[in-house]
**Student:** 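Attaching a single structure in structure tokens format; questions to follow.
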Amino acid sequence: MTERRIRVRFAPSPTGPLHMGGVRTALFNYLFARKNGGDFLLRIEDTDQTRYVPGAEEYIVESLKWCGLVPDEGPGFGGSYGPYRQSERKEMYAQYAQQLIDSGWAYYAFDTPEDLDRLRSEAETAGQVFSYSQHTRRSLCNSLSLSPEEVTERIESGASYAIRFKMPEELDVTGDDLIRGSVTFNTRELDDKVLFKSDGMPTYHLANVVDDHLMEISHVIRGEEWLPSMPLHILLYRAFGWEETRPQFAHLPLILKPQGKGKLSKRDGDKLGFPVFPLLWKDPETGDISRGYREDGYFSEAFINLIALLGWNPGTEQEIFSIKELSEIFSLDRVVKSGSRFDPEKAKWFNRSYLQQKTASELAEYFQPVLDSKGLTVAREQVVAIIDEIKDRCDFVADIWTNGYYFFEAPASYDEKTVAKRWKPETPAEMEAIAGVFESVEPWDATSIKEQFSTFMNEKGWNFGGVMNPLRLCLVGGNMGPDLFRICELLGKEEAIHRIRMAIEKIK
RNA sequence: GGUCCGUUCAUCUAAGGGUUAGGAUUCAAGAUUUUCAUUCUUGCCAUAGGGGUUCGAAUCCCCUACGGACUGCCA
């Protein structure tokens with residue numbers, strides 16, 4: 001029990017894209033492993049052949065890589081406890097199920113899915129809930145209700161059967177959850193879960209316990225939705241005689257919808273305008289596209305940072321952390337117990353913080369594809385200079401274009417409100433005069449432009465605001481943007497003058 | 001319905017018997033920016049309700065309310 005190597009696993013089922021909650025589970029496992037000098041493994045729980053979704057496993061792996069949560073062991077990652085895909089471990093589970101039958105912890109159940117469906121709907125119409133348990137098992141079709149001869153006969157004649165756990169009667173099972181403390185269940189309320197399916201595959205419960213044991217997992221860190229099955233798992237370890245090395249459990253709180261009730265689901269993101277998946281996902285069946293944080297322009301560091309702080313906090317007032325820092329200070333006892341609502345606004349703020357930390361030259365690298373996609377060729381030096389001017393008004397790389405497109409192409413239209421407010425009858429003549437002044441400005445840099453512009457303005461006795469605002473309108477198409485003289489400089493003399501004259505033509 | 005988990009500003013959270021209940025996001029106001037955004041300053045806003053225990057409770061106990069998860073030959 002002491003000196004045990006820390007080994008944790010992230011064990012998703014490849015039934016679709018990895019959800020934010022899943023990423024956080026992976027992250028906490030990863031951080032716990034790093035913090036304690038242990039191993040982080042990826043295990044694919046693909047025991048349900050009916051829910052197989054092509055591309056899901058690849059998606060999971062790509063997501064983990066994008067987030068920087070690279071497993072130490074896993075399918076495609078090496079490790080000496082493999083295989084790490086449960087479908088490839090299929091053969092090992094039968095013997096463990098058999099072991100439980102032999103020791104009286106499990107039994108054969110011959111009821112067909114149709115039988116059970118019928119029982120469930122009958123119970124429902126009677127306002128009850130059917131459960132296959134110690135209270136009903138004797139009246140159902142299984143090796144506890146049938147005679148040994150009948151059981152043997154059925155099995156030998158090839159009848160299909162499942163193997164169910166024989167839940168003990170009237171037993172308090174207490175689990176010590178690392179996040180919630182001790183939680184007690186009485187087996188009287190628990191049902192006889194299927195451990196081994198008639199298709200020859202184990203269910204989650206069996207496969208999970210067997211694999212965690214075989215892979216020497218020390219801590220099971222998973223979502224709160226698994227808390228109700230903790231007593232079953234504890235009993236399974238007991239039944240197998242593995243209690244000495246049973247992993248410790250930690251059940252993470254859920255991530256809730258931003259508004260309303262319930263946990264975050266795929267639909268919410270599409271409805272509320274933010275992604276719930278790390279990467280874009282295209283449903284192979286329907287072709288539906290779900291957006292991803294990566295494609296929405298989030299930096300993976302920001303994504304990890306914001307997810308880490310959902311349900312965990314360092315106990316200090318620091319909020320910005322690299323994954324490296326998190327790896328050094330993460331601890332399960334600072335995980336909160338209650339579910340947390342995801343706040344898209346704060347997510348944006350995190351991304352902004354990361355963007356602001358980057359240099360203009362780094363951002364130019366991220367921004368280049370945007371220019372490429374628009375077929376624009378701009379000198380890197382110029383791009384860096386432009387980003388330097390507008391960076392502080394951006395939350396995302398894409399905002400560089402939104403907030404600074406006018407540096408790359410002339411405004412196609414002029415903001416109506418601004419025109420109405422700033423474009424006076426005398427404006428065209430004033431603009432033409434400014435264009436004239438600009439023609440003689442040398443050298444063409446912000447300081448000189450400002451100087452000569454000001455001199456001219458003072459000579460004329462014109463009101464600065466009355467001229468600067470329409471001039472801005474000419475150059476950028478609205479009332480936004482950085483220092484006007486810097487814009488002029490970056491645009492170049494010829495372009496600036498051209499835009500003024502173009503605006504005189506086009507406005508009104 | 002049953003079992004289990006949870007409940008501090010609108011949101012993420014701090015405070016593990018003694019603080020004017022702190023920070024962050026959002027929002028609002030002011031300053032700066034001859035524009036807009038940024039930035040800065042300030043402000044608004046919380047212990048679900050009721051009982052205990054205690055000199056003293058957000059913190060411990062009980063009840064209620066509300067929220068959530070689970071209740072599949074899914075994971």
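A, B, ... follow the sequence lines: proteins, then strands. Residue 1 opens every chain.
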**Student:** Need one value for A:Arg334: base, sugar-phosphate or nothing, where a base atom within 4.0 Å counts as base even if backbone is also close, heavy atoms only.
**Tutor:**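 Touches sugar-phosphate only.
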**Student:** B:U53 pairs with which nucleotide, Watson-Crick or G-U wobble, both distances below 3.5 Å?
**Tutor:**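 Result: none.
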**Student:** Report which part of the nucleic acid A:Thr47 touches: base, sugar-phosphate, or nothing (heavy-atom distance under 4.0 Å, all strands).
**Tutor:**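 Sugar-phosphate only.
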**Student:** Using whole Å, report how far CZ of A:Phe196 lies from C1' of B:C73.
**Tutor:**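 A:Phe196 atom CZ is separated from B:C73 atom C1' by 11 Å.
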**Student:** Using atom C1' of each nucleotide, how far apart are B:G68 and B:G16 to the nearest Å?
**Tutor:**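 The answer is 24 Å between these two C1' atoms.
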**Student:** Take atom CD of A:Glu345 and atom P of B:U25, then tell me their distance rounded to the nearest Å.
**Tutor:**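 After rounding, the gap between these two atoms is 12 Å.
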**Student:** Does A:Asp343 form a salt bridge (Lys or Arg N to Asp or Glu O under 4.0 Å) with A:Arg341? I'd like the steps, not just the answer.
**Tutor:** CA-CA 6 Å; A:Asp343 179 5; A:Arg341 285 178 195 275; over 6 Å; no
**Student:** With heavy atoms under 4.0 Å as the rule, sort A:Val336 into base, sugar-phosphate or nothing.
**Tutor:**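 Sugar-phosphate contact only.
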**Student:** Taking only the P atom of each, what is the distance from B:C73 to B:A10 in whole angstrom?
**Tutor:**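 Rounded to whole Å, the distance is 43 Å.
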**Student:** Within the 4.0 Å heavy-atom criterion, would you say A:Pro253 contacts the bases, only the backbone, or no part of the nucleic acid?
**Tutor:**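 Touches nothing.
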**Student:** Kindly give the heavy-atom pair with the smallest separation between A:Ile179 and A:Leu332, and that separation in Å.
**Tutor:**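 Reported closest heavy-atom pair: CG1-O, 4.1 Å.
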**Student:** Does a donor on one side chain sit under 3.5 Å from an acceptor on the other, for A:Tyr93 and A:Asp211?
**Tutor:**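 Yes, side-chain donor-acceptor contact under 3.5 Å.
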**Student:** Would you kindly check whether a donor in the side chain of A:Arg472 faces an acceptor in the base of B:C36, or vice versa, at under 3.5 angstrom?
**Tutor:**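 Between B:C36 and A:Arg472, which were checked side chain against base, a qualifying N/O pair under 3.5 Å is absent.
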**Student:** Just checking, is any N or O donor in the side chain of A:Asp46 or A:Ser87 under 3.5 Å from an acceptor N or O on the other one?
**Tutor:**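 Distance-only check passes for A:Asp46 and A:Ser87.
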**Student:** Within the structure shown, what part of the strands sits under 4.0 Å from A:Phe130 by heavy-atom distance: base, sugar-phosphate, or nothing?
**Tutor:**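 Result for A:Phe130 = sugar-phosphate.
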**Student:** Given atom CD of A:Gln49 and atom C1' of B:A75, what is their separation to the nearest angstrom?
**Tutor:**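 After rounding, the reported distance stands at 14 Å.
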**Student:** Determine, using ring centers only, whether A:Trp312 and A:Phe28 are less than 6.0 Å apart.
**Tutor:**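 Centroid distance A:Phe28-A:Trp312: not below 6.0 Å, so no.
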**Student:** Identify, residue by residue, the members of residues 347-354 of chain A with a heavy atom below 4.0 Å from RNA chain B, and return them in order of residue number, or none.
**Tutor:**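 A:Trp349, A:Arg352 - these, ordered by number, are the residues of the stretch whose heavy atoms sit under 4.0 Å from the strand.
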**Student:** Identify the nucleotide, in any strand shown, that forms a Watson-Crick or G-U wobble pair with B:A28, with both distances under 3.5 Å; if there is none, say none.
**Tutor:**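 Partner of B:A28: B:U42.
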**Student:** Using a 4.0 Å heavy-atom cut-off, does A:Tyr204 contact any base of the nucleic acid, only the sugar-phosphate backbone, or nothing at all?
**Tutor:**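 Counting heavy atoms under 4.0 Å across all strands, the contact made by A:Tyr204 includes a base.
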**Student:** Before we go on, tell me: are the rings of A:Phe299 and A:Tyr354 under 6.0 Å apart, centre to centre?
**Tutor:**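 Aromatic pair excluded; centres sit 6.0 Å or further apart.
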**Student:** Side chain of A:Ala162 only, please: which of B:U71, B:U11, B:C73 is the nearest?
**Tutor:**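 The answer is B:C73.
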**Student:** Considering only atom P, compute the distance from B:C74 to B:G67 and round it to an integer number of Å.
**Tutor:**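 Between the two P atoms, the distance is 31 Å.
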**Student:** Can you tell me, in whole Å, how much space there is between the C1' of B:A21 and that of B:U41?
**Tutor:**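 It works out to 23 Å between them.
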**Student:** Test salt bridge (Lys or Arg N to Asp or Glu O under 4.0 Å) on A:Glu430 and A:Lys424; report intermediate values, then the result.
**Tutor:** CA-CA 10 Å; A:Glu430 290 171 350; A:Lys424 310 287 190 221; over 6 Å; no
**Student:** Would you mind classifying the nucleic acid contact of A:Val183 as base, sugar-phosphate or nothing, using non-hydrogen atoms under 4.0 angstrom?
**Tutor:**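 A:Val183: backbone/sugar contact only, no base atoms under 4.0 Å.
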**Student:** So does A:Ser353 get a backbone contact from the side chain of A:Gln356, meaning a donor-acceptor N/O pair under 3.5 Å?
**Tutor:**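 Checked: no pair found.
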**Student:** Of the candidate nucleotides B:A24, B:C36, B:G22, which contains the atom at the shortest distance from the side chain of A:Asn479?
**Tutor:**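 My answer, after comparing the listed nucleotides, is B:C36.
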**Student:** Ignoring backbone atoms, test whether A:Arg393 places a side-chain nitrogen or oxygen under 4.0 Å from the OP1 or OP2 oxygen of B:U35.
**Tutor:**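 Checking B:U35 against A:Arg393, no side-chain N or O comes under 4.0 Å of OP1 or OP2.
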**Student:** For A:Glu124 and A:Arg120, what are the C-alpha separation, side-chain angles and deciding distance, and is it a salt bridge (Lys or Arg N to Asp or Glu O under 4.0 Å)?
**Tutor:** CA-CA 6 Å; A:Glu124 200 185 333; A:Arg120 282 197 183 89; over 6 Å; no
**Student:** Between A:Tyr161 and A:Gly465, just flag the one whose closest nucleotide in RNA chain B comes earlier from the 5' side.
**Tutor:**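 Its nearest nucleotide lies further toward 5', so the answer is A:Gly465.
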**Student:** Between A:His251 (NE2) and B:A69 (P), how many Å, whole number?
**Tutor:**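 Between P of B:A69 and NE2 of A:His251: 15 Å.
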**Student:** Is there a donor on the side chain of A:Ser340 or the base of B:C12 sitting less than 3.5 Å from an acceptor on the other?
**Tutor:**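 Side chain to base: no pair below 3.5 Å.
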**Student:** Would one find a side-chain N or O of A:Lys391 under 4.0 angstrom from OP1 or OP2 of B:A37?
**Tutor:**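 No, outside the criterion.
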**Student:** Under 4.0 angstrom, heavy atoms only, what part of the nucleic acid is A:Asp111 near: base, sugar-phosphate, or nothing?
**Tutor:**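 If one applies the 4.0 Å heavy-atom cut-off, A:Asp111 turns out to touch a base.
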**Student:** Taking atom P in both B:G51 and B:U59, compute the distance separating them and give it to the nearest angstrom.
**Tutor:**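 Each nucleotide's P atom is 14 Å from the other's.
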**Student:** Whole angstrom is fine here: how far is it from CG in A:Leu471 over to C1' in B:C36?
**Tutor:**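 Atom-to-atom, A:Leu471 to B:C36, this comes out as 15 Å.
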**Student:** Backbone N or O of A:His251 within a donor-acceptor pair of the A:Asp177 side chain at under 3.5 Å?
**Tutor:**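 Between the backbone of A:His251 and the side chain of A:Asp177 there is a qualifying donor-acceptor contact (under 3.5 Å).
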**Student:** Is there a Watson-Crick or G-U wobble partner for B:U20 with both distances under 3.5 Å, and which nucleotide is it?
**Tutor:**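 Partner of B:U20: none.
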**Student:** For the P atoms, the ones on B:U19 and on B:A29, what distance do you get once it is rounded to whole angstrom?
**Tutor:**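 Pairwise P distance, B:U19 against B:A29, rounds to 35 Å.
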**Student:** Can you tell which of B:A75, B:G6, B:A24 lies closest to the side chain of A:Trp226?
**Tutor:**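 When the side chain of A:Trp226 is considered, B:A75 is the closest of B:A75, B:G6, B:A24.
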**Student:** Suppose the criterion is side-chain hydrogen bond (donor to acceptor under 3.5 Å, both in side chains): which pairs have a residue in residues 450-462 of chain A, not counting sequence neighbours?
**Tutor:**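 Listed by first then second residue: nothing to list.
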**Student:** If you measure from the C1' atom in B:C9 to the same atom in B:U47, how many Å do you get, rounded?
**Tutor:**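 Per the computed distance, 10 Å lies between those C1' atoms.
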**Student:** Considering just the side-chain nitrogens and oxygens of A:Arg341, establish if one lies under 4.0 Å of OP1 or OP2 belonging to B:U7.
**Tutor:**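 No, because none of the side-chain N or O atoms of A:Arg341 sits under 4.0 Å from OP1 or OP2 of B:U7.
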**Student:** Considering every strand shown, what is the Watson-Crick or G-U wobble mate of B:C66 when both distances are under 3.5 Å?
**Tutor:**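 For B:C66, the partner nucleotide comes out as B:G6, under the 3.5 Å rule.
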**Student:** Which is more 5' along RNA chain B, the nucleotide nearest A:Gly311 or the one nearest A:Cys394? Just name the residue.
**Tutor:**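 The residue mapped nearer the 5' terminus is A:Gly311.
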**Student:** Counting the atoms with a prime plus P, OP1 and OP2 as sugar-phosphate, which does A:Thr203 contact under 4.0 Å by heavy atoms, base, sugar-phosphate, or nothing?
**Tutor:**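 Since only primed, P, OP1 and OP2 atoms lie under 4.0 Å of A:Thr203, the category is sugar-phosphate.
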**Student:** Could you state the atom-to-atom distance from CG of A:Asn463 to P of B:U35 in whole Å?
**Tutor:**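 Spelled out: CG on A:Asn463 to P on B:U35 is 12 Å.
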**Student:** Is A:Asn403 touching bases, backbone alone, or none of the nucleic acid, heavy atoms closer than 4.0 Å?
**Tutor:**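 A:Asn403: no heavy atom of the nucleic acid under 4.0 Å.
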**Student:** To the nearest Å, give me how far apart CD (A:Gln128) and P (B:U71) are.
**Tutor:**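 Taking atom P of B:U71 as the reference, CD of A:Gln128 is at 19 Å.
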**Student:** Using the P atoms only, state how far B:C63 lies from B:G2, rounded to an integer number of Å.
**Tutor:**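 Straight-line distance between the two P atoms is 15 Å.
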**Student:** Phosphate oxygens OP1/OP2 of B:C73: is one of them under 4.0 Å from a side-chain N or O of A:Ser160?
**Tutor:**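 A:Ser160 to B:C73 OP1/OP2: no side-chain N or O under 4.0 Å.
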**Student:** Side chain of A:Val194, heavy atoms from C-beta onward: which of B:C73, B:A69, B:A24 has the nearest atom to it?
**Tutor:**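 Nearest to the side-chain atoms of A:Val194, counting from C-beta on, is B:C73.
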**Student:** Taking atom P of B:A69 as reference, at what distance in whole Å does atom CD1 of A:Ile255 sit?
**Tutor:**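 About 13 Å, once rounded to whole Å.
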**Student:** Contact class for A:Arg51 vs. all strands (heavy atom < 4.0 Å): base, sugar-phosphate, or nothing?
**Tutor:**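 A:Arg51: base contact, heavy atoms under 4.0 Å.
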**Student:** Does B:A14 have its OP1 or OP2 closer than 4.0 Å to a side-chain nitrogen or oxygen of A:Asn313?
**Tutor:**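 Checking B:A14 against A:Asn313, a side-chain N or O does come within under 4.0 Å of OP1 or OP2.
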**Student:** ring-ring contact (aromatic ring centres under 6.0 Å, His included) with A:Phe438: which residues, sequence neighbours excluded?
**Tutor:**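 Testing A:Phe438 for ring-ring contact (aromatic ring centres under 6.0 Å, His included), a comparison that skips the adjacent residues, returns A:Trp444.
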**Student:** Pairing check on B:U71: which nucleotide meets the Watson-Crick or G-U wobble criteria with it, both distances under 3.5 Å?
**Tutor:**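 When the pairing criteria are applied, B:G1 turns out to be the nucleotide that pairs with B:U71.
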